[in-house]
Participant: 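Questions regarding the structure given below will be posed in turn.
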Amino acid sequence: MTVPQPSFKERAAAALSDGALKIAIDRTTGTAERKRAAALATFPEFDAARAKGKAIKNHVIAHLDHYLEMFERNATAAGAQVHWATDDAEARAIVTRICLDANAKLVTRSKSMLGEEIGLPHALADAGIERVETDLAEHIIQLAGERPSHIVWPAMHRTREQVANLFRTGHNPPPAAEDPGTMVQSARRELRAKFLAADIGISGANFLVADTGATCTVTNEGNAELTTTPPRIHIVTAGIEKLVPSTAHAFALLRLLVRSATGGEMTQYTTFHHGPRRPGDADGPEEMHIVLVDNGRTRMLADEFREMLRCIRCGACMNHCVVYRQIGGHAYGGTYPGPMGAVLTPVLDGLAPSRDLAQACTMNGRCAEVCPVGIPLPTLLRAWRRRSWRERLEPGSVRAGIGLWAMLARRPALYRLASRIGVRALRLLGRRGWISRLPLAGGWTAYRDMPRPSGRTFMEQYRAEQARREGGR
């Protein structure tokens, strides 16, 4: 029996009622916003760098077939085995087959949103393979049995106090204190043996370098290196849009990625993995497998969402999104939250179950302003709104309401009359400057008060101001 999943509106309502979630989000997104602003203040060439990054990604997207073939050729020459996955099911099957063929019992995994996208954690569990998340934030949410709520900080929704509770019950022995340093040491102690005992390490890739066949991982903890180096086998799962022509192009994008994601100039660890261990190498895996995943990406090449393939997964759009900062990532319901998730989730899960995501956007444009590769996110969200309307996915009440508004908008005199009546009626509902309850707009006033209007429409105020100015001449 299939259990019905809560709708976006139900998830958002639950998030808005969660005081601890609001505290956790404010702590992290506020810090991220300030650090990004400080980083750009010392990076005057940001606009030029962003234009270059956009051009690099556009070039790769336009010649994706060429760079895919180049990457496969060079990765194979370096000793890696390249696999192609059309969709998430095929990607899961490839990874689990490699693990089962190797008789793997323990797998360590470095943070990878592509792995979440294809459902890899559940696939490994179904195959009877123990999975250990090695990123500190991923370790936290694995203990909690949750999905990531942010693409850079997966445990953003958890406060420090909640993490301390998880570590007390999930670590043996538990941490001696609840300060961050002690809890980090506890996680290191818990994970260290797993790193060394793992049969296979699985990572994602921030970039795939076409002219060398290398994959690039970017972390601040060093867990990716401990995931990919000690095990006998290293598996990389990556979306085909992660390609760049050369290492120089990767570094051009890294300058944008790190500043936009964390406010730093460079992460602590930027590693290029170039095939398995060679004779004479001190360490490294005996085998390296690279699984290139399509899962709707080539379909995006041919439609209006093509520009979304430029995304470098920095998370800046959600850090600055007024909607995300109120409800967090889990309310979005898909793998990717925030503005970029509102564009990608309908591609991955279909428009019918995710149409509310585009409708939730305020269209203030902040996400497009901060995107390091200039993705016009509001434009793409409007495209989903238009498609939803064409496919008649809107509820009948919404279509009727918009139809009534359109009827009034086509009749200026009637529209002005309705506006005057509406503004004066709203004024009667307000107390001490605010409206706490509003008929037909309960979704607005359930969590915030609406400012009481002045009692005159915009055009009435405009004409009065014009008359005042003319009278003063």
Participant: Mind running side chain to side chain donor-acceptor pair (under 3.5 Å) on Thr270 and Thr267 for me, showing each step along the way?
Facilitator: CA-CA 6 Å; Thr270 300; Thr267 53; 3.0 Å; yes
Participant: Quick test of your reading of the model: are Lys35 and Glu265 salt-bridged, counting only N-O distances below 4.0 Å?
Facilitator: no
Participant: Determine whether Thr335 and Glu116 satisfy the following criterion, side chain to side chain donor-acceptor pair (under 3.5 Å), listing intermediate values before the conclusion.
Facilitator: CA-CA 6 Å; Thr335 299; Glu116 298 292 330; over 6 Å; no
Participant: Might you point out which heavy atoms bring Ile118 and Ala91 nearest each other, and give the distance in Å?
Facilitator: CD1-CB, 3.8 Å
Participant: Please step through side chain to side chain contact (heavy atoms under 4.5 Å, CB included) for the pair Asn319 and Trp153, ending with a clear verdict.
Facilitator: CA-CA 10 Å; Asn319 295 339; Trp153 297 288; 3.7 Å; yes
Participant: Using a 3.5 Å distance criterion without hydrogens, assess whether the side chain of Thr182 forms a donor-acceptor pair with backbone atoms of Glu178.
Facilitator: no
Participant: Check the pair His157 / Gln162 against side chain to side chain donor-acceptor pair (under 3.5 Å), numbers first and verdict last.
Facilitator: CA-CA 10 Å; His157 59 286; Gln162 291 173 329; over 6 Å; no
Participant: Atom CZ of residue position Arg278 - does it have more than 12 heavy atoms of other residues, nucleotides or ligands inside 6.0 Å?
Facilitator: yes
Participant: Do side-chain atoms of Ser149 reach the backbone of Pro154 as a donor and acceptor pair under 3.5 angstrom?
Facilitator: yes
Participant: Testing the basics here: between Ile312 and Pro372, what is the closest heavy-atom pair and its distance to 0.1 Å?
Facilitator: CD1-CG, 3.8 Å
Participant: Tell me whether the guanidinium CZ or amine NZ of Arg73 lies under 6.0 angstrom from the six-membered ring centre of Tyr67 and within 45° of its axis.
Facilitator: no
Participant: Any ring-ring contact (aromatic ring centres under 6.0 Å, His included) pairs touching residues 193-241, not counting sequence neighbours?
Facilitator: His234-His273
Participant: Is Arg192 atom CZ crowded by more than 12 heavy atoms from other residues, nucleotides or ligands, each under 6.0 Å away?
Facilitator: no
Participant: Hey, does the side chain of Asn295 reach the backbone of Thr86 with a donor-acceptor pair shorter than 3.5 angstrom?
Facilitator: no
Participant: Indicate yes or no: at least one non-hydrogen side-chain atom of Thr271 is less than 4.5 angstrom from one of Cys216.
Facilitator: no
Participant: Given the rule in the side chain to side chain contact (heavy atoms under 4.5 Å, CB included) test, do Phe71 and Lys242 qualify, once you have shown the distances and angles that lead to the verdict?
Facilitator: CA-CA 11 Å; Phe71 176 81; Lys242 292 297 185 76; over 6 Å; no
Participant: What verdict does the salt bridge (Lys or Arg N to Asp or Glu O under 4.0 Å) test give for Glu161 and Arg27, after you've listed the backbone C-alpha separation in whole Å, the side-chain angles of each residue and the deciding distance to 0.1 Å?
Facilitator: CA-CA 13 Å; Glu161 296 80 7; Arg27 283 177 180 174; 3.6 Å; yes
Participant: As a quick check of understanding, evaluate side chain to side chain contact (heavy atoms under 4.5 Å, CB included) for Arg277 and Glu286, giving each step before the final call.
Facilitator: CA-CA 6 Å; Arg277 183 171 60 207; Glu286 297 172 11; 3.6 Å; yes
Participant: One pair to check against salt bridge (Lys or Arg N to Asp or Glu O under 4.0 Å): Arg131 and Glu138. What are the steps and the verdict?
Facilitator: CA-CA 11 Å; Arg131 169 184 58 91; Glu138 291 280 0; 6.0 Å; no
Participant: Do you know which two heavy atoms are closest between Glu190 and Gly170, and how far apart they sit?
Facilitator: OE2-O, 3.6 Å
Participant: I want to check something: taking the side chain as every heavy atom from C-beta on, are Asn206 and Arg313 in contact at a cut-off of under 4.5 Å?
Facilitator: no
Participant: Closer than 3.5 angstrom, by distance alone: can the side chain of Asp199 be matched with the main-chain N or O of Lys105 as a donor-acceptor pair?
Facilitator: yes
Participant: Is the backbone of Asp294 close enough, under 3.5 Å, to the side chain of Thr298 for a donor and an acceptor to pair up by distance?
Facilitator: no
Participant: Does Lys52 reach the main-chain N or O of His249 with its side chain, forming a donor-acceptor pair under 3.5 Å?
Facilitator: no
Participant: Closest heavy-atom contact between Ala187 and Leu136?
Facilitator: CB-CD1, 3.6 Å
Participant: Determine which pairs satisfy salt bridge (Lys or Arg N to Asp or Glu O under 4.0 Å) with at least one residue from residues 327-356, sequence neighbours left out, and list them in order.
Facilitator: Arg355-Glu394
Participant: Would you check if Val343 and Leu381 make a side-chain contact, meaning some heavy-atom pair closer than 4.5 Å?
Facilitator: yes
Participant: Report the distance from atom OG of Ser186 to atom CG of Leu191, rounding to the nearest 0.5 Å.
Facilitator: 9.0 Å
Participant: Sub-3.5 Å donor-acceptor pair from the side chain of His330 to the main-chain atoms of Arg147, do we have one?
Facilitator: yes
Participant: Kindly indicate whether the side chain of His139, heavy atoms from C-beta on, has any atom under 4.5 Å from the side chain of Thr134.
Facilitator: no
Participant: Using side-chain heavy atoms (C-beta onward) and a distance below 4.5 Å, is Ile61 in contact with Glu241?
Facilitator: no
Participant: Which atom names give the shortest non-hydrogen contact between Ala252 and Ile56, and what distance separates them?
Facilitator: CB-CD1, 3.9 Å
Participant: Backbone N or O of Leu257 within a donor-acceptor pair of the Ser260 side chain at under 3.5 Å?
Facilitator: no
Participant: Give, for atom CG of Leu292 and atom CG of Leu208, the distance between the pair rounded to the nearest 0.5 Å.
Facilitator: 6.0 Å
Participant: Out of curiosity, Asp126 CG to His122 NE2, how far, rounded to the nearest 0.5 Å?
Facilitator: 8.5 Å
Participant: Taking the side chain as every heavy atom from C-beta outward, state whether Met300 and Asp303 have any pair of such atoms under 4.5 Å apart.
Facilitator: yes
Participant: Do the numbers put Arg255 on top of the ring of Phe43, so that NZ or CZ is under 6.0 Å from the six-membered ring centre and no more than 45° off the axis?
Facilitator: no
Participant: State the CE-CZ distance between Met340 and Arg310, to the nearest 0.5 angstrom.
Facilitator: 13.5 Å
Participant: Checking Glu287 against His289 for the side chain to side chain donor-acceptor pair (under 3.5 Å) test, could you report, in this order, the C-alpha distance in whole Å, the side-chain angles of both residues, the deciding distance, and whether it holds?
Facilitator: CA-CA 7 Å; Glu287 296 179 21; His289 297 262; 2.9 Å; yes
Participant: Check whether any side-chain N or O of Thr42 sits under 3.5 Å from a backbone N or O of Ala39 as a donor-acceptor pair, and report yes or no.
Facilitator: yes
Participant: When you check the gap from the basic side-chain N to the acidic O, do Asp18 and Lys22 get nearer than 4.0 Å?
Facilitator: no
Participant: Could you tell me if the side chain of Glu130 sits less than 4.5 Å from the side chain of Lys194, heavy atoms only?
Facilitator: yes
Participant: Give the minimum heavy-atom separation between Ser110 and Thr227, together with the two atoms involved.
Facilitator: N-CG2, 3.7 Å
Participant: Mind checking whether His150 and Tyr324 have parallel, tilted or perpendicular rings, split at 30° and 60°?
Facilitator: perpendicular
Participant: What distance do Leu68 atom CG and Asp65 atom CG have between them, rounded to the nearest 0.5 Å?
Facilitator: 7.5 Å
Participant: Start with the C-alpha distance between Met288 and Gln81, add both sets of side-chain angles, then the distance that settles side chain to side chain contact (heavy atoms under 4.5 Å, CB included), and finish with yes or no.
Facilitator: CA-CA 6 Å; Met288 182 177 183; Gln81 299 178 51; over 6 Å; no
Participant: Could you please spell out the steps behind the salt bridge (Lys or Arg N to Asp or Glu O under 4.0 Å) verdict for Arg387 and Glu304?
Facilitator: CA-CA 11 Å; Arg387 187 176 293 193; Glu304 62 266 52; 3.0 Å; yes
Participant: Give, for atom CZ of Arg382 and atom OG of Ser388, the distance between the pair rounded to the nearest 0.5 Å.
Facilitator: 15.5 Å
Participant: Does a side-chain heavy-atom distance below 4.5 Å link Ile235 with Val107?
Facilitator: no
Participant: For the side chain of His59 and the backbone of Ala55, is there at least one donor-acceptor N/O pair under 3.5 Å apart?
Facilitator: no
Participant: Between Trp384 and Gln359, is there a side-chain donor-acceptor contact under 3.5 Å, judged purely by atom types and distance?
Facilitator: no
